[in-house]
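Working notes, beginning with the structure itself.
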Amino acid sequence: MPTGAGLDSQAVRLAMVQRLVAQGLRHPGVQQAFATVERHRFVDSGLVAQAYEDTSLPIGWGQTISKPSVVARMLELLCADRPARLGRVLEIGTGCGYQAALLSHLCQEVYSMERIRSLHERARENLRPLRLPNVHLIFGDGMAGFPSGAPYAGIVAAAGGQEIPAVWLEQLAVGGRLVAPAELTPGRQSLVVVERTAHGYVRNVLEAVLFVPLKSGVA
Ligand code: SAH
């Protein structure tokens, strides 16, 4: 516990959940996940005091942990009108592992990929004390998805490219849903939701967002 920062983590975390609810977060499972996972465990000790503010924070190697309201929006889109617990979910961009920890409470299995080895290892360290047996961290380029876990009930990306990679759509189960940022129009990154139905794919382009770039290869 970050006693030096004077944080009563439980109370501060519940206050964060109340703010997310006030901003429109409805899904009870997502609320519960935010109330459970200690975000301060995923940021550098110097940033612990800001861990429950609605702000993105640097996690090293030029990457950031998204602000809670954005993560809440992504997870709610992924889980809305679906079974209480999703099946297998693929996350592209493990980063510090925070969203993977949230997902572990919302689905049966989480496969989370990270292309920066140091971040992948950092996430492993962050997650180890939480003992979440359904989180599988994979070091590799998420542009290719992760065929071994497919088909997925959900795919969620924390980094955005120009398009949604075709393999992600192929790895989505029929009835599954993908939530990812993409710059479909140059200069404007938007949140994109794709549903796979028995008859094909249905794509919805939502609000403008600002995620880090989806990069190919590993580092
Ligand atoms: N969900 C993360 C957010 C991390 S930011 C969290 O809770 O902390 C997005 C991450 O996507 C970065 O760590 C970046 O390295 C990673 N990323 C970008 N392109 C990628 C790719 N092709 N495959 C896997 N990870 C990728």
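These values consider heavy atoms only, across backbone and side chains, with no hydrogens, waters or symmetry-generated copies. Numbering of ligands and ligand atoms starts at 1, following listing order.
- Side-chain contact annotation: E109 with H136, donor-acceptor N/O pair under 3.5 Å present.
- The closest side-chain heavy-atom distance from V194 to V202 is not below 4.5 Å.
- Less than 4.0 angstrom separates some heavy atom of G142 from each of these atoms of ligand 1: 21 (C), 22 (N), 23 (N), 24 (C).
- Residue Q99 touches ligand 1 through backbone and side chain together, judged by heavy-atom distances below 4.0 Å.
- Nearest non-hydrogen protein atom to atom 13 (O) of ligand 1 is E114 OE1, 2.7 Å.
- For the 3.5 Å distance criterion, the side chains of Y52 and R13 qualify, holding a donor opposite an acceptor.
- At least one heavy atom of P213 sits closer than 4.0 Å to an atom of ligand 1.
- Here is the list of ligand 1 atoms found below 4.0 Å of a heavy atom in L119: 13 (O).
- In terms of protein heavy-atom proximity, atom 9 (C) of ligand 1 is closest to A158 O, 3.4 Å.
- Residues Q32 and T36 form a side-chain contact, since some pair of their non-hydrogen atoms from C-beta on lies under 4.5 Å apart.
- Contacts between T64 and ligand 1 below 4.0 angstrom, taking non-hydrogen atoms only, involve the backbone exclusively.
- Near G140, the atoms of ligand 1 lying under 4.0 angstrom from a non-hydrogen atom of the residue are 23 (N), 24 (C).
- At the shortest separation from atom 25 (N) of ligand 1 among protein heavy atoms lies R115 N, 3.3 Å.
- A donor and an acceptor atom, one from each side chain of T94 and E114, are nowhere located under 3.5 Å apart.
- The contact set between ligand 1 and M143, taken as ligand atoms under 4.0 Å from a residue heavy atom, comprises 22 (N).
- Shortest contact from atom 12 (C) of ligand 1 to any protein heavy atom: Q63 OE1, 3.3 Å.
- The closest non-hydrogen atom to atom 8 (O) of ligand 1, taken over P181, S66, C96, comes from C96.
- Contacts of V212 with ligand 1, taken as heavy-atom pairs under 4.0 Å, involve the side chain alone.
- The shortest contact between atom 19 (N) of ligand 1 and any protein heavy atom is with K215 N, 3.1 Å.
- The aromatic rings of H120 and F139 lie tilted to each other, with the angle between the two planes from 30° to 60°.
- With no hydrogens or angles considered, no side-chain donor-acceptor pair links S216 and D141 at under 3.5 Å.
- A salt bridge is defined here as a Lys NZ or Arg NE, NH1 or NH2 lying under 4.0 Å from an Asp or Glu carboxylate O, and E163 with R203 meets this definition.
- When side chains are defined from C-beta on, R73 does not count as touching V179, because their heavy atoms never get closer than 4.5 Å.
- Under a 4.0 Å criterion applied to the non-hydrogen atoms of E91, ligand 1 contributes the atoms 1 (N).
- Proximity of L25 to Q31: side-chain heavy atoms (C-beta onward) are separated by under 4.5 Å at one or more points.
- Residue-ligand proximity, I116 to ligand 1, at heavy-atom distances under 4.0 Å covers atoms 15 (O).
- Among T94, L214, I138, the residue whose heavy atom sits closest to atom 2 (C) of ligand 1 is T94.
- In this structure, the side chains of F42 and I59 stay at 4.5 Å or more apart for every pair of heavy atoms.
- A 4.5 Å side-chain heavy-atom check between S69 and L20 finds at least one atom pair inside the cut-off.
- Among A123, G97, G93, the residue whose heavy atom lies nearest to atom 11 (O) of ligand 1 is G93.
- Contacts between A159 and ligand 1, counted as non-hydrogen atom pairs separated by less than 4.0 Å, involve the side chain only.
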